[in-house]
Amino acid sequence: AQSVTQLGSHVSVSEGALVLLRCNYSSSVPPYLFWYVQYPNQGLQLLLKYTSAATLVKGINGFEAEFKKSETSFHLTKPSAHMSDAAEYFCVSSGYSTLTFGKGTMLLVSP
Amino acid sequence: DAGVIQSPRHEVTEMGQEVTLRCKPISGHDYLFWYRQTMMRGLELLIYFNNNVPIDDSGMPEDRFSAKMPNASFSTLKIQPSEPRDSAVYFCASTPEGGDTQYFGPGTRLTVL
């Protein structure tokens with residue numbers, strides 16, 4: 001069975017600082033991995049996805065993630081946080097037709 | 001494309017009442033998913049359909065919950081009778097055959113008093 005673990009339910013950064021949201025997956029085969037973002041009172045929006053092509057994946061809004069099989073990780077980064085990045089971020093694993101969601105990490109950005 | 005459409009966006013009802021949530025998937029998408037999001041349990045898959053046929057309903061909490069997909073462009077999630085613990089945000093998502101990305105609707109926030 002697949003599982004996804006996000007380290008830290010809340011992450012606080014200052015505007016302009018590096019954003020690092022951690023995700024580790026557990027799967028018997030290399031999965032498809034995604035990061036979704038949920039802004040307040042909205043649905044989930046795809047940030048980026050890894051589907052066994054390039055291990056460094058670039059997404060929208062300046063975010064990127066690197067798939068590291070040796071570490072079973074798929075951490076999300078952004079060099080410089082913006083106030084508009086404040087949201088909840090979900091690391092997601094895909095197996096066949098269904099998704100396995102992490103618990104989510106709330107990113108707080110202070111001026 | 002209008003994206004996945006859900007209605008209503010907000011629903012407040014009293015315990016014991018029937019609640020019906022609606023979803024229109026993206027045209028041409030063969031898979032439709034219903035999720036529930038709560039603070040305690042996060043995002044949970046309730047049920048999903050492929051070509052209007054329910055494939056896996058193991059996430060449906062109990063018999064009070066039922067879901068239908070009478071055609072490719074419409075699905076409902078019904079709770080009867082509703083209970084306060086059903087209060088949550090319910091999301092619908094869709095994806096095409098062979099697709100690797102699910103597209104989510106804006107959700108329905110349900111409050112059962």
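Note that the structure is predicted; figures quoted are calculated from it, not measured. So you know, we letter chains A, B, ... as the sequences are listed, proteins then strands, and number each from 1.
- Both the backbone and the side chain of A:Leu44 have a heavy atom closer than 4.5 Å to some heavy atom of chain B.
- Both A:Met83 and A:Leu107 belong to a common hydrophobic cluster when Ile, Leu, Val, Met, Phe, Trp and Tyr are linked at side-chain heavy-atom distances under 4.5 angstrom.
- When all heavy atoms of B:Arg109 and A:Asn41 are compared, the closest pair comes out as NH2-OD1, 3.5 Å.
- To the nearest 0.5 Å, the span separating CD on A:Gln38 from CG on B:Leu43 amounts to 6.5 Å.
- When all heavy atoms are compared, the tightest approach of B:Gln37 to A:Phe90 is NE2-CZ, 3.5 Å.
- Residue B:Ile79 is grouped with residue B:Leu32 when hydrophobic side chains (ILVMFWY) are merged at heavy-atom distances under 4.5 angstrom, including chains of intermediate members.
- Atom NZ of A:Lys49 is surrounded by more than 12 heavy atoms from other residues, nucleotides or ligands within 6.0 Å.
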Evaluation steps, side chain to side chain contact (heavy atoms under 4.5 Å, CB included), between A:Leu99 and B:Tyr35: CA-CA 11 Å; A:Leu99 300 180; B:Tyr35 293 90; 3.9 Å; yes

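- Criterion: ILVMFWY side-chain heavy atoms under 4.5 Å apart, direct or through other members. Under it, B:Phe91 and B:Ile47 are not part of a common hydrophobic cluster.
- Contact annotation for B:Glu44: neither backbone nor side-chain heavy atoms come within less than 4.5 Å of a heavy atom of chain A.
- Heavy atoms from other residues, nucleotides or ligands lying under 6.0 Å from CZ of B:Arg64 number more than 12.
- Only the backbone of B:Arg41 comes within contact range of chain A, with at least one heavy atom under 4.5 Å from a heavy atom of that chain.
- The backbone N or O of B:Gln102 sits less than 3.5 Å from a side-chain atom of A:Tyr36, completing a donor-acceptor pair.
- Follow the hydrophobic side-chain contacts under 4.5 Å out from B:Tyr48 and you reach B:Phe104 in the same cluster.
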